[in-house]
Amino acid sequence: MKMKKVLAAALVGAMAIGMFGCGGNKDANNDAQNGQDTQTNNGQLRIGMECGYAPFNWTQQDDSNDAVAIEGGGGYANGYDVQIAKKVADGLGKELVIVKTEWDGLVPAVQSGVIDGIIAGMSPTAERKESIDFSDNYYVSDLVIVVRADSPYADATSLADFAGAKITGQLNTFHDTVIDQIEGVEHVTAMPDFPSMRVALESGIIDGYVSERPEGISASAANSNFAFVEFDLENGFTYNVDDAAIAMGIKKDSDLTTQVNEVLAGISQEERDQLMKDAIANQPAAE
């Protein structure tokens, strides 16, 4: 989906936004690499996410707006993904545990059993489906390009308008792969996460980055210097529907997939839309 994020080097403190990284420890990533299964309580639903991709997930310092404590400390996680995860956990009768995990560590973590699932704005791409299973989609969106509001690209209406522009995307996501559809683009090396891309855009290192519409709304709401460009079907990116969707990643051949789909089926589109509106309204603002 637009969120096929498929989607993530730490911000390095260049921008004091609460969503920059989940905080907490990186044990989940280490355990995944070592093949260690840390699950000991069947009453828990352990969900991995970056906690740095608003409005889907971010880090905040308190439990306001129904945020959930991050395992190991380091603050609280909130956002659209967190609220969907809460509904899934409630529907399964389990306690939700948020496990801060770097983007590239998410799939290994679910494969090894360190986490039960990935709810992190991740798209069920064909490549990912070779490694893990996915639930039904819980959100679908469109691709946009986030730019500076005062740049000549802010008034763009087609990919052709970005010829010569310095554009990047998140590392290991389909967002980065579609950039070469722009004729004459200067494809800047992919960056590890969205906070890094926002900093690069603010400083002029890049002219824009590919994102999904909710993140574009989030970026422009958090920073008045940012805007995002949307495209119609004829003038935008070409991609598979699954690439623009978001689903929960689950270990291969797990019974959990069917159980999660049953819960998701009970969440109406109206409720999903409201959760996204609330996430955009509640996201941390840049200082």
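Since this is a predicted model, take the numbers as computed values, not measurements.
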Value rounded to 0.5 Å, distance of [atom1] in [X] from [atom2] in [Y]:
X    : Y    : atom1 : atom2 : result
T101 : L106 : OG1   : CG    : 5.5 Å
I250 : Q259 : CD1   : CD    : 9.0 Å
E271 : Q269 : CD    : CD    : 10.5 Å
R128 : M122 : CZ    : CE    : 4.5 Å
M197 : L171 : CE    : CG    : 10.0 Å

Show the nearest heavy-atom pair for residues [X] and [Y], with the distance to one decimal.
X    : Y    : value
S135 : V260 : CB-CG1, 3.9 Å
R198 : A222 : NH1-CB, 4.0 Å
P214 : P55  : O-CD, 3.2 Å
A77  : I70  : N-CG1, 3.7 Å
M49  : I119 : CE-O, 3.3 Å
Q44  : K94  : O-CD, 3.6 Å

Less than 4.5 Å apart, any side-chain heavy atom of [X] and any of [Y]?
X    : Y    : value
L201 : V146 : yes
I206 : M191 : yes
L264 : M248 : no
F231 : F237 : yes
I182 : I145 : yes
I205 : V188 : no
N57  : N78  : no
L143 : F174 : yes

May I ask you to check whether [X] and [Y] show a side-chain donor-acceptor distance below 3.5 Å?
X    : Y    : result
D193 : S196 : yes
E202 : N223 : yes
D66  : Q83  : no
Y209 : E215 : yes
D81  : Y138 : yes
N172 : D104 : yes
S64  : Q60  : yes

Would you say [X]'s side chain and [Y]'s backbone share a donor-acceptor pair under 3.5 angstrom?
X    : Y    : value
T168 : T189 : yes
T59  : Y76  : no
Q283 : S218 : yes
N65  : N282 : no
S112 : P108 : yes
R46  : V99  : no
Q111 : I132 : no
D161 : T157 : yes
S151 : V147 : no

Full working for side-chain contact (heavy atoms from CB on, under 4.5 Å) between K166 and H187: CA-CA 6 Å; K166 295 175 290 186; H187 189 162; over 6 Å; no

Greater than 12 external heavy atoms within 6.0 Å of D255's CG: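 Incorrect, the count does not exceed 12.
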
Check this for me, if you would: do [X] and [Y] make a salt bridge, where the nitrogen-to-carboxylate-oxygen distance has to be below 4.0 angstrom?
X    : Y    : result
K252 : D133 : yes
E230 : R213 : yes
D116 : K251 : no

Does the pair D242 and N137 meet the rule for a side-chain contact (heavy atoms from CB on, under 4.5 Å), with working shown? CA-CA 8 Å; D242 276 346; N137 298 335; 4.3 Å; yes

Y80 vs F56 aromatic rings, parallel, tilted or perpendicular, using cut-offs 30° and 60°?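 Correct class here is perpendicular.
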
Could you please spell out the steps behind the side-chain contact (heavy atoms from CB on, under 4.5 Å) verdict for I246 and V140? CA-CA 6 Å; I246 291 180; V140 178; over 6 Å; no

